[in-house]
K.L.:
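Here you go, one structure.
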Amino acid sequence: MKKIQFALLLFILFSFVSCSKQVYTADIDTSYYHISSRHKTDNDIDKMIAPYKEELDSKMDVVIAYNKEKMPKARPSSTLGNWFSDVLLEEANRIYQSDIDFATQNYGGIRIPSLKQGDITIGNIFELMPFDNQLVVLTLDGPTTQQLLDRIAQLGGWPISSSLSFTIDNEKATNIMINGVAFDPSKEYKVAIADYIANGGDKCFFLDNAKREDHDLLIRDLIINYLKSKPTNERTIIADPTPRISTYKM
C-alpha cells in the first residue's frame, strides 16, 4: 500500500514538471488526510523522487508578491474574491484589448479558504487555483446576463469584479449596477469568465451558445504573470473589503 501511495506521489510530481498540458475537473469535493512523523516512508522511493521534488520546490517557492493581510474566501463577497476577480478583469482587458464589463469566477474554482498574510509564492497561486481553467470572454445579451447573475445569486454569491454589484433577493439578482450604470436588459455585456462556466459548469448551460473569444490562456498563469510583471515595489497585494454582493433584508 505504501509503495502505491508513493508511486501516486511520483506521478503527481512528474505531472508538475512535465511540459505536457494536464486536464483537470474544475470543481470537486475534497477530503484531507493528515500525515505525521509517525508514518514511515520508503527510503528507496524518497531517493527516486528527490531530484524531481527539488526541481518542483525550486519553482514553487519563488516569491512573487507580498500580501498585507490575510484574505478569506466567503459568500456573498470577500476580500479574496474581490482581489481575484479584479485581477481577472484587468488581465482580460489587457489580453483581449477590449472594454470588458465585468469578471467573475465560480466560488468552488478558488480552492483555498484564505490567502495567507506575508510572502506569496508561485506555489501559493497553484494552491489557490490548481485546475487548468482557461480565461474566455463571452458577449451576452441582456436576458442571458440576467440569467448568469441570477445563477450566482442562487448559489449565494461568487467573486465578482468591482465593476459589478447587485443585491440577492429571493435567489434573484436585483439592483444590478454595471460600470456605475443600472443594468439595461436591452444591451449586450462582455464577461471575463472561466471556460468551465462558459461550457455549462455549475448548471450554467444557458451560456453554451454565447459568442465567445478564447486565447487558450490558463487563469492560474495569468494571475502568476500579473504578479511577476509588477515592479518589485508594487508587488504588495492590498485587500478591498467593499461588499459587491449584498443580501436583501426585510
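Hydrogens, waters and symmetry mates are skipped; everything else that's a heavy atom, side chains included, is used.
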K.L.:
Please tabulate, for the side chains in residues 204-213, all donor-acceptor contacts under 3.5 angstrom to protein atoms that are two or more places apart in sequence or on a different chain.
P.N.:
from: R212; atom 1: NH1; to: N199; atom 2: OD1; distance (Å): 2.7
from: R212; atom 1: NH2; to: N199; atom 2: OD1; distance (Å): 3.3

K.L.:
Is there a donor-acceptor pair under 3.5 Å between the side chain of R220 and the backbone N or O of P130?
P.N.:
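Between the backbone of P130 and the side chain of R220 there is a qualifying donor-acceptor contact (under 3.5 Å).
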
K.L.:
Quick check: do T144 and L138 have side-chain heavy atoms less than 4.5 Å from each other?
P.N.:
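Result no, sub-4.5 Å side-chain heavy-atom pair not found.
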
K.L.:
Which heavy atom in S114 sits nearest to a heavy atom in P72, and how many Å separate them?
P.N.:
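Looks like CB-CA, 3.6 Å.
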
K.L.:
Given the rule in the side chain to side chain contact (heavy atoms under 4.5 Å, CB included) test, do F102 and L89 qualify, once you have shown the distances and angles that lead to the verdict?
P.N.:
CA-CA 6 Å; F102 63 90; L89 180 60; 5.6 Å; no

K.L.:
State, with a plain yes or no, whether a side-chain heavy atom of D202 is found less than 4.5 Å away from one of Y107.
P.N.:
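D202 vs Y107: side chains apart.
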
K.L.:
Which side-chain N or O atoms in residues 166-176 pair as donor and acceptor under 3.5 Å with protein atoms at least two apart or in another chain?
P.N.:
from: T167; atom 1: OG1; to: S246; atom 2: OG; distance (Å): 3.1
from: T174; atom 1: OG1; to: T167; atom 2: O; distance (Å): 3.1

K.L.:
P185 and P143: which non-hydrogen atoms are nearest, and at how many Å?
P.N.:
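Nearest pair, atom of P185 first, then P143: O-CD, 3.6 Å.
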
K.L.:
Could you walk me through whether K228 and V62 pass the side chain to side chain contact (heavy atoms under 4.5 Å, CB included) test, one step at a time?
P.N.:
CA-CA 10 Å; K228 289 173 67 175; V62 174; 6.0 Å; no

K.L.:
Is the shortest heavy-atom distance from the side chain of D214 to the side chain of Q134 under 4.5 Å?
P.N.:
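Result yes, sub-4.5 Å side-chain heavy-atom pair found.
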
K.L.:
Who pairs with D240 by salt bridge (Lys or Arg N to Asp or Glu O under 4.0 Å), at least two apart in sequence or on another chain?
P.N.:
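Residues passing salt bridge (Lys or Arg N to Asp or Glu O under 4.0 Å) with D240: R244.
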
K.L.:
Return yes if a side-chain donor-acceptor contact under 3.5 Å exists between T121 and N124, otherwise no.
P.N.:
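Side chains of T121 and N124: pair found under 3.5 Å.
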
K.L.:
Quick one, N179 and S163 - any side-chain contact, counting heavy atoms below 4.5 Å?
P.N.:
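They are in contact (side-chain heavy atoms under 4.5 Å apart), so the answer is yes.
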
K.L.:
Can you check whether D184 reaches Y189 side chain to side chain, under 4.5 Å on heavy atoms?
P.N.:
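D184 vs Y189: side chains touch.
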
K.L.:
To the nearest 0.5 Å, what is the distance between CG (D99) and CG (N93)?
P.N.:
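Going from CG on D99 over to CG on N93, the span is 6.5 Å.
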
K.L.:
Show the nearest heavy-atom pair for residues P76 and I245, with the distance to one decimal.
P.N.:
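Looks like CG-O, 3.4 Å.
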
K.L.:
Kindly compute the distance separating CD1 (I178) from CG (D101), expressed to the nearest 0.5 Å.
P.N.:
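The distance works out to 6.0 Å.
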
K.L.:
Do you know the tightest heavy-atom contact between I64 and R235?
P.N.:
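The answer is O-CD, 3.2 Å.
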
K.L.:
Is the shortest side-chain heavy-atom distance between I223 and F84 below 4.5 Å?
P.N.:
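Yes, close enough: below the 4.5 Å cut-off.
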
K.L.:
Answer yes or no: is there a donor N or O on one side and an acceptor on the other, between the side chain of S161 and the main chain of A103, under 3.5 Å?
P.N.:
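Confirmed, S161 side chain pairs with A103 backbone.
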
K.L.:
Is there a side-chain contact between T104 and I197, using heavy atoms and a 4.5 Å cut-off?
P.N.:
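No. Closest side-chain heavy atoms not under 4.5 Å.
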
K.L.:
Quick one: CG on L164 to CD1 on I152, what's the gap to the nearest 0.5 Å?
P.N.:
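Separation between the atoms: 7.0 Å.
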
K.L.:
When you measure from the side chain of K190 to the backbone N and O of S98, does any donor-acceptor pair fall under 3.5 Å?
P.N.:
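No: the side chain of K190 does not pair with the backbone of S98.
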
K.L.:
Just how far is it from atom CD of E188 to atom OG1 of T145, taken to the nearest 0.5 Å?
P.N.:
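Going from CD on E188 over to OG1 on T145, the span is 8.5 Å.
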
K.L.:
Determine whether a donor-acceptor pair (N or O, by modelled atom type, separation under 3.5 Å) exists between the side chain of N67 and the backbone of K116.
P.N.:
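Checked: pair present.
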
K.L.:
Minimum heavy-atom separation for I160 and S85, please, with both atom names.
P.N.:
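Heavy atoms of I160 and S85 come nearest at O-OG, 2.8 Å.
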
K.L.:
If every non-hydrogen atom of I110 is compared with every non-hydrogen atom of P159, which pair is closest and at what distance?
P.N.:
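The answer is CD1-CG, 3.8 Å.
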
K.L.:
Can you tell me how far the CD atom of Q105 sits from the CG atom of L135, to the nearest 0.5 Å?
P.N.:
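Taking CD in Q105 and CG in L135, the distance rounds to 9.5 Å.
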
K.L.:
Can you tell if the side chain of I112 reaches within under 4.5 Å of the side chain of K73, non-hydrogen atoms only?
P.N.:
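Not in contact.
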
K.L.:
Distance from I100 atom CD1 to Q97 atom CD, nearest 0.5 Å?
P.N.:
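Between atom CD1 of I100 and atom CD of Q97 there are 10.0 Å.
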
